[in-house]
Amino acid sequence: MTESTGQLGPNFIRNIIDEELAANKHDTVVTRFPPEPNGYLHIGHAKSICLNFGLAAHYGGRCHLRFDDTNPIKEEQEYIDAIKADLSWLGFDWGQHEYYASNYFETLYGYAERLVEKGLAYVCELTAEQIREYRGNLIEPGRPSPYRARPVEENLDLLRRMRAGEFPDGSHVLRAKIDMAAPNLNLRDPVLYRILHASHHRTGSDWCIYPMYDFAHGQSDSIEGITHSICTLEFEDHRPLYDWLCEAIGIYHPRQIEFARLNLTYTVMSKRRLLELVNEKHVSGWDDPRMPTLSGMRRRGFTPGAIRTFCDRIGVGKSDSVIDMSVLEDCVREELDTTAPRAMGVLRPLKVTITNYPEDQAEEFTVPRHPKNPDMGRRTIPFSREIYIERDDFMEEPPKKFFRLGPGREVRLRYGYIIRCDEVIKDPVSGEVIELRCSYDPETAGGKLPEGRKKVKGIIHWVSAAHGIPVEVRVYDRLFNVANPAGDKQCDYREHLNPESLGVLTDCLVEPGLVGAQPGEVFQFERLGYFCIDRDDTAHKRVFNRVVTLRDTWAKLSANNLNR
RNA sequence: AGGGGCGUGGCCAAGUGGUAAGGCACCGGAUUUUGAUUCCGGCAUUCCCAGGUUCGAACCCUGGCGCCCCUGCCA
C-alpha cells in the first residue's frame with residue numbers, strides 16, 4: 001500500500017469509521033475503487049482513489065481494485081489497461097486485489113434464483129417503455145406490472161430460459177418485487193437483469209443476461225468483504241436498494257457512504273463531455289495536456305505527488321463544491337519548485353548584440369542547477385556576443401515600476417553581466433523592434449558589482465544565439481474561459497471553449513545543456529514556469545509543454561494598473 | 001405522495017454545547033543574481049434567515065429560505 005505524500009485529513013467518513021471501530025463493529029477496514037472500464041480516469045477519479053486507498057492505509061486495511069464490468073456494450077480491455085496504468089502512475093498498489101464484477105456472474109445469478117425462490121423477484125415482459133409508464137413519476141405512484149404476481153415456479157423457469165438464450169434482447173427482464181408506490185423511484189421494482197446478446201470483453205459469449213449496477217455493485221462488495229463502499233452523492237437514492245438487496249439475498253452487508261464528487265473550475269469532468277471533446281476534436285485526444293484526465297495531466301507534466309497532495313488538500317465532504325484550479329496549480333508548483341532543475345529558455349526571442357564583446361570570443365558560466373539544493377550539482381551555460389532575450393523583457397516606453405530593459409536602461413543577464421541598451425533597431429517597413437544593440441560591463445561578471453556602481457533591479461534570462469537549441473514550446477491555458485462551463489443553462493458548454501487554450505511557439509531557444517533531456521523530464525525555465533519534454537519530441541524537433549507558469553507579480557501588477 | 005441530500009470568508013474546509021483551525025486566492029511588507037522561492041503581517045465579533053432552549057449555541061429544538069440529486073433494460 002503506497003502512502004499518500006500528504007495527509008488524509010479528518011473528514012466525516014473517518015469520523016464514521018472511528019465510531020464504528022470504537023464500537024467494535026469491524027476489525028479491519030476494506031475499501032475498493034470500482035471504475036467501469038468504459039473511459040479514462042480523470043482527476044475526479046483521483047479524489048476517489050486517494051480517499052479509498054487513503055482510508056485503507058490510514059486504518060491498516062486494504063483497498064481493492066474492482067472493475068465494474070456489467071455492461072459489455074460500453075466496456076473494453078483497452079480501458080482496463082489504461083486505468084491500471086494510471087493507477088500505478090498515481091502511486092497506488094492494489095497488490096493481488098484485482099477483481100472484476102464479471103468474475104461473480106455465476107454467483108450473482110445464484111442470488112437471482114434465490115430471490116425468485118423467496119418470491120422477491122419476478123420476470124417481467126413489459127417493454128422498456130411500458131416499464132417507464134408503469135413506474136409513475138416523481139409525484140405519482142407507479143402501478144404493478146401485470147407479471148408481478150407470477151408464481152415462483154414460472155419465474156424460475158423463465159429466468160432459466162432467459163439465461164439459456166431463448167429470448168431476444170429486451171423481451172424479458174428480472175425485477176425485484178419491492179413497492180411500486182415507494183417515494184424513492186429506485187424501489188419501484190427495479191430491473192435486476194436484462195437480456196443482452198453481446199460479447200463481453202472478459203466472459204465472451206458465456207452470458208446473454210447481465211446484472212444491472214444495483215444487482216452487481218453491492219453484491220460484489222459483499223463477496224469481497226468490503227466494509228465501506230464509498231461512492232458519490234448521486235447514489236444516495238440507491239442506498240435503500242443496496243440495503244434491501246443485501247438483506248433480501250441474505251448476504252454480508254457492507255455500508256455505503258456517499259461523498260461529493262470533485263468539480264474543478266475552467267474544465268468539465270463528466271465522461272460524456274470529455275468523450276465529446278475528444279470525438280469532436282476540440283482536443284487532440286484523451287491525453288491532450290489540457291484535459292483533466294490523468295493521462296492528460298501526466299503528459300502536461302503534472303506529477304503524481306502533486307495530484308495526491310491536491311486530493312488530500314481539498315478534503316472530503318457532502319456539499320457540492322467547485323475547487324478553484326489555482327489549488328491544483330499551487331500543488332504542482334510546490335512540488336516542482338523543489339524537484340525541477342533550472343534552465344534558461346527564451347520563448348519569444350529578441351536578438352541582442354553585445355557590441356563591445358569580441359566577435360570571436362565565448363565563455364562559459366558555471367552555475368547551480370537549483371538555487372537552494374546544491375546536491376543537484378552545477379551546469380555550464382555559454383555566453384557570446386549575440387544572445388536572445390525575451391521580447392517581454394524590453395519595452396520602448398517602459399511604464400512605472402518596469403525594471404527590465406528599455407532604451408538607455410541597464411539590466412543584469414542572469415548569472416552574467418550587466419548590459420545597457422544603447423540602440424534599438426527596427427524593421428524599416430513594419431517598425432517592429434528586431435534587435436537591441438547593447439554594451440556590457442566586464443567588471444560585473446557572475447553577480448559582481450564594482451565599488452560605487454549602482455545595483456540594477458532587473459535580472460533577465462537569455463540564451464546564446466550560437467549555442468542555443470531551437471525548440472517548439474506548447475503553452476497551455478485553461479480549456480474553457482468561464483469558471484463553470486457545464487453550469488450554464490443558457491448555452492452548451494462547448495460555446496465556452498477557450499480558443500486560445502493552446503499556443504504553439506516555434507522559434508524558442510533553450511540552453512544547450514538540455515540536449516540530452518528525455519520525454520517527461522521537467523525543468524524550470526527561470527522566470528517563466530515549468531516545462532516538460534513532450535512525447536512528440538524527436539531529435540529533429542524538440543518539443544516542450546508548459547506545465548504551469550511561475551507566479552507572476554509583475555503581470556498581476558500591470559494588469560491591475562490597466563484596470564484602473 | 002414525492003423522496004433523498006447540502007448550506008461555516010472569494011473557493012475549499014476543520015469544528016459535534018465552552019467563545020471560529022488550516023489551505024488556495026487576495027492585500028501589505030522583508031530577504032532574494034528568478035518580479036520565483038522563503039519569511040513575516042492583514043483578511044468571519046460570526047457560521048443561510050427567524051424564533052426558542054441554555055450561564056453559554058456554528059453545534060440542540062421549531063419554522064422558513066436557497067441550492068443539488070432522483071422518473072436508463074447506464075454506471
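Proteins get letters first, then strands, A, B, ... in listed order; numbering begins at 1 in each.
- Within 4.0 Å (heavy atoms only), A/Val316 reaches sugar-phosphate atoms of the nucleic acid but no base atom.
- Syn is the glycosidic conformation of B/G72, whose angle stays within 90° of 0.
- A/Arg135 has no carboxylate O lying under 4.0 Å from a charged side-chain N of A/Glu140, or vice versa, which leaves the two without a salt bridge.
- Remark: A/Asn560 is in phosphate contact with B/C27, judged by side-chain N or O atoms under 4.0 Å from OP1 or OP2.
- Across all strands shown, A/Ile314 has heavy atoms under 4.0 Å from sugar-phosphate atoms exclusively, and none from any base.
- Under a 4.0 Å N-O distance rule, the pair A/Arg379/A/Glu511 qualifies as a salt bridge.
- Counting any heavy atom pair closer than 4.0 Å across all strands shown, A/Asp237 reaches a base atom.
- When heavy atoms are screened at a 4.0 angstrom cut-off, A/Gln524 is found touching base atoms of the nucleic acid.
- Rounded to a whole angstrom, the distance from the C1' atom of B/A21 to that of B/A13 is 9 Å.
- Judged by atom type and distance alone, A/His238 reaches the base of B/A75 through a side-chain donor-acceptor pair under 3.5 Å.
- At B/A75, one or more side-chain N or O atoms of A/Thr70 fall inside 4.0 Å of OP1 or OP2 (strictly under the cut-off).
- At B/G72, one or more side-chain N or O atoms of A/Arg135 fall inside 4.0 Å of OP1 or OP2 (strictly under the cut-off).
- Remark: A/Arg32 does not engage A/Glu224 in a salt bridge, criterion side-chain N to carboxylate O under 4.0 Å.
- Between the OH atom of A/Tyr213 and the P atom of B/G72 there is a distance of 17 Å, rounded to whole Å.
- By the 4.5 Å heavy-atom criterion applied to side chains, A/Leu126 and A/Tyr147 are counted as neighbours.
- Looking at heavy-atom distances under 4.0 Å, A/Ala181 makes contact with a base.
- More than 12 non-hydrogen atoms from other residues, nucleotides or ligands lie less than 6.0 angstrom from CZ of A/Arg148.
- Going from the C1' atom of B/A58 to that of B/A44 covers 12 Å, rounded to whole Å.
- Here A/Asp214 lies out of heavy-atom contact (under 4.0 Å) with every strand.
- Remark: A/Asp337 engages A/Arg342 in a salt bridge, criterion side-chain N to carboxylate O under 4.0 Å.
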Every protein N/O lying under 3.5 Å from an N/O of nucleotides 38-41 of chain B:
{"unit_1": "B/U38", "atom_1": "O4'", "unit_2": "A/Lys372", "atom_2": "NZ", "d": "3.3"}

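- Residue A/His172 is classed as having no contact, given no heavy-atom separation below 4.0 Å to the nucleic acid.
- With a cut-off of 3.5 Å on both pairing distances, B/A75 has no Watson-Crick or G-U wobble partner at all.
- Between A/Arg527 and A/Asp393 there is a salt bridge, since a side-chain N of the basic residue sits under 4.0 Å from a carboxylate O of the acidic one.
- In terms of phosphate contacts, A/Arg527 brings a side-chain nitrogen or oxygen within less than 4.0 Å of OP1 or OP2 of B/G35.
- As judged by a 4.0 angstrom heavy-atom cut-off over every strand, A/Val322 is placed among residues touching the sugar-phosphate backbone only.
- Using a 4.0 Å cut-off between charged side-chain N and carboxylate O, A/Glu133 and A/Arg143 make no salt bridge.
- Among the heavy atoms of the strands lying under 4.0 Å from A/Phe403 is at least one base atom, whether or not backbone atoms are also near.
- Residue A/Arg188 is out of contact with every strand shown, counting any heavy-atom pair closer than 4.0 Å.
- Note on A/Asp330: only backbone sugar-phosphate atoms sit closer than 4.0 angstrom, heavy atoms only; bases stay farther off.
- A/Leu264 comes within contact range of no nucleotide atom at all, as no heavy-atom separation falls under 4.0 Å.
- Separation of the P atoms belonging to B/C68 and B/C26 is 29 Å when rounded to the nearest angstrom.
- Annotation: B/C59 and B/U8 have their P atoms spaced 13 Å apart (nearest Å).
- A/Arg150 and A/Glu125 are joined by a salt bridge, as a carboxylate oxygen and a charged side-chain nitrogen come within less than 4.0 angstrom of each other.
- For the pair A/Trp554 and B/G35, the ring geometry qualifies as stacking, because the centroid separation is below 5.5 Å while the planes lie within an angle under 30°.
- For A/Lys556 and B/C26, the shortest distance from a side-chain N or O to OP1 or OP2 is below 4.0 Å.
- No hydrogens or angles considered: a donor-acceptor pair under 3.5 Å links the side chains of A/Asn38 and A/Glu36.
- OP1 or OP2 of B/A36 sits under 4.0 Å from a side-chain N or O of A/Thr553.
- At the phosphate of B/A14, neither OP1 nor OP2 sits under 4.0 Å from any side-chain N or O atom of A/Arg14.
- Residue contacts for A/Ile323: at a heavy-atom cut-off of 4.0 Å it reaches the sugar-phosphate backbone alone, with no base atom in range.
- Contact check, A/Ser319 against B/A13: a side-chain N or O comes under 4.0 Å of OP1 or OP2.
- Among the protein residues, A/Lys74 comes within range of the nucleic acid bases, having at least one heavy atom under 4.0 Å from a base atom.
- The side chain of A/Arg333 contributes no N or O atom lying less than 4.0 Å from OP1 or OP2 of B/A36.
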